[in-house]
Amino acid sequence: MTAEIQSERSWSVPNGVPVSILTGFLGAGKTTLLNRLIGDPWLSDAALIINEFGDVGIDHLLVESSGDGVIELSDGCLCCTVRGELVDTLADLMDRMQTGKIRPFSRVVIETTGLADPVPVMQSVIGHPALGQSYRLEGLVTVVDAVNGMATLESHEEARRQVAVADTLVLSKTALVENCVALRTSLEALNPLSRVFLADEPDLSAQSLFDSGAYDPDRRSLDVARWLSTEQDHADHGHGHGGHHHHGHDHHHAHDVNRHDEHIRSDSLVFEKPITPEALGMFLDLVRSAHGPKLLRMKGLIKLADDPSRPLVLHAVQSLMSEPVRLKAWPEGSREETRLVVITRDMPEGFVAELFSSFANVPGVGRPDREALTANPLAIPGMPARR
Ligand SMILES: Nc1nc2c(ncn2[C@@H]2O[C@H](COP(=O)(O)OP(=O)(O)OP(=O)(O)O)[C@@H](O)[C@H]2O)c(=O)[nH]1
């Protein structure tokens, strides 16, 4: 991890500092994998950049040893809206290392959002005239969820691109399925040369995953080489570096129509008032029973009324809801408030936020109260009334 320390020395980087990209679709298990690897001595002097889709960052709080050396880029997606920030961050890191303002780092690991198209992220590093002198791409790791992987590959272009460009694929959640034969066949068709690991292999090390030599597009499909060159054209014509519009503070993703499916939106909620465990249970039941297929990802830290000092970590990935974990205390650096990010497809704007507020009994104009919702769960805000 990097740290602000004084040093007289400048550090030269003859071959460029390796930059590894950790990607994978929403909820595939990127942060879980990173948490497992973070204590690995091979990453002890790595700088970690975490990008999140919603404007309320959560992952950086859930990465153990968060703090020193962990840089959060939230409120947009690396492949479009915050791509310029990635370039600035990498340039700034290099500058500060070379001027001795931070401890030297031997590697950068970037965890992308689950919706990121990795190609423009890669191009930001290898195609940028200045960064290309200081950094080199090494180790593109894509996590694929064995439970939702097939369906995700079928319906999301981003997921297929994440697989196609990878040096290394990591299959997560394999213990939850009978076998992965069909998934592995699909992965092989998309990327026959990638190495494949299982996330629960006991001897999985950071080096085995990320140290795969300089990235070589020629070892990928023809599509990958074409995507990379098209992306370069985008960048050359001023398309690629930030500057995309952001719709104020109304909690959606700042869309670039060329990048993300317009039907996908991210709602981020922050509530200081605690919610009772019962109300939370009802909220989750209602979201999942009424809108399960539209729910792509939900994650959060929840402030519960029974003991507000011990937050609950909540994860749902499509229809799979993980057993919620109660933390002993709020993560260092976090405010004691509920933070929930919900990524949905084809859901009315603000729907989940309104629903949560109703259950948390946070007053709002024109919002049905919790009793009304539980008495008639079909009367869901934002949805047409049933007769
Ligand atoms: N059983 C099992 N659960 C896993 C595994 N990997 C991740 N999970 C669970 O899947 C959920 C999502 O994991 P994350 O690591 O947050 O996924 P992510 O890819 O970082 O999610 P986003 O950043 O939101 O895209 C959590 O509940 C994890 O505990 C695995 O290998 N096995």
So how far is it from [X] [atom1] to [Y] [atom2], rounded to the nearest 0.5 Å?
X: D167; Y: R195; atom1: CG; atom2: CZ; answer: 7.0 Å
X: I50; Y: L34; atom1: CD1; atom2: CG; answer: 6.0 Å
X: L340; Y: L301; atom1: CG; atom2: CG; answer: 9.5 Å
X: E188; Y: T185; atom1: CD; atom2: OG1; answer: 7.0 Å
X: D88; Y: D95; atom1: CG; atom2: CG; answer: 11.5 Å
X: L314; Y: L280; atom1: CG; atom2: CG; answer: 6.0 Å

Is any side-chain heavy atom of [Y] closer than 4.5 Å to one of [X]?
X: E337; Y: F271; value: no
X: V19; Y: V17; value: no
X: V163; Y: V144; value: yes
X: F210; Y: L140; value: no
X: L327; Y: R310; value: no
X: V270; Y: T338; value: no
X: Q318; Y: L295; value: no
X: R339; Y: L269; value: no

Look at the side chain of [X] and the backbone N and O of [Y], then say whether any donor-acceptor pair between them is shorter than 3.5 Å.
X: S186; Y: A182; answer: yes
X: N191; Y: A166; answer: yes
X: K30; Y: G24; answer: yes
X: Q162; Y: D117; answer: no
X: R160; Y: L153; answer: yes
X: W330; Y: K303; answer: no
X: S205; Y: S208; answer: yes

(message) Run V196 and L171 through side-chain contact (heavy atoms from CB on, under 4.5 Å) and show every step you take.
(response) CA-CA 7 Å; V196 182; L171 292 187; 4.1 Å; yes
(request) Before giving the answer on side chain to side chain donor-acceptor pair (under 3.5 Å), spell out for D145 and S172 the whole-Å C-alpha distance, their side-chain angles and the decisive distance to 0.1 Å. (result) CA-CA 5 Å; D145 169 339; S172 64; 4.9 Å; no
(message) Within the supplied structure, the quantity of interest is the number of heavy atoms (other residues, nucleotides, ligands) at a distance under 6.0 Å from E201 CD; does it exceed 12?
(response) yes
(message) Under the criterion side-chain contact (heavy atoms from CB on, under 4.5 Å), I'd like the reasoning laid out for I49 against V109: C-alpha separation, chi angles, the key distance, then a yes or no.
(response) CA-CA 6 Å; I49 298 177; V109 177; over 6 Å; no
(request) Check the pair L93 / Y135 against side-chain contact (heavy atoms from CB on, under 4.5 Å), numbers first and verdict last. (result) CA-CA 11 Å; L93 271 177; Y135 294 99; 3.7 Å; yes
(message) Could you check whether E158 pairs with R161 (Lys NZ or Arg NE/NH1/NH2 to Asp/Glu carboxylate O, under 4.0 Å)?
(response)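 Salt bridge flag = no for R161 with E158.
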Write down the atom of [X], the atom of [Y], and the distance for their closest heavy-atom approach.
X: W42; Y: D211; answer: CZ2-CB, 3.7 Å
X: P311; Y: S309; answer: CD-O, 3.5 Å
X: L198; Y: L204; answer: O-CD2, 3.9 Å
X: T174; Y: C180; answer: CG2-SG, 3.7 Å
X: F105; Y: M94; answer: CZ-N, 4.2 Å
X: P274; Y: L304; answer: CB-C, 3.8 Å

(message) Run the side-chain contact (heavy atoms from CB on, under 4.5 Å) test on L22 and T112 for me, step by step, so that the C-alpha distance in whole Å, both residues' side-chain angles and the decisive distance to 0.1 Å come before the verdict.
(response) CA-CA 6 Å; L22 176 62; T112 75; over 6 Å; no
(message) Taking salt bridge (charged side-chain N to carboxylate O under 4.0 Å, His left out) as the cut-off, I'd like each qualifying pair that reaches into residues 146-156, sequence neighbours left out, listed once.
(response) none
(message) Which residue is it: E323, M298, R297, M321? I am looking for the one with a side-chain contact (heavy atoms from CB on, under 4.5 Å) to H315.
(response) R297
(request) Tell me who clusters with L176, hydrophobic residues only, linked when side chains sit under 4.5 Å apart either directly or through other members. (result)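 Direct or chained contacts put L176 with V147, V177, L320.
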(request) Could you walk me through whether R326 and D306 pass salt bridge (Lys or Arg N to Asp or Glu O under 4.0 Å), step by step? (result) CA-CA 12 Å; R326 197 85 190 247; D306 62 346; 2.8 Å; yes
(message) Do F25 and V317 land in one hydrophobic cluster if side-chain heavy atoms of ILVMFWY residues count as linked below 4.5 Å?
(response)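 No.
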(request) Using the side chain to side chain donor-acceptor pair (under 3.5 Å) rule, take T142 and T23 through it: C-alpha gap first, then chi angles, then the decisive distance, then the call. (result) CA-CA 5 Å; T142 300; T23 189; 5.4 Å; no
(request) Step by step, work out the side chain to side chain donor-acceptor pair (under 3.5 Å) result for S20 and R107. (result) CA-CA 8 Å; S20 300; R107 166 172 302 271; 2.9 Å; yes
(message) Ring-plane angle category for F283 and F356, please: parallel below 30°, perpendicular beyond 60°, tilted otherwise.
(response)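 The rings of F283 and F356 stand perpendicular, inter-plane angle above 60°.
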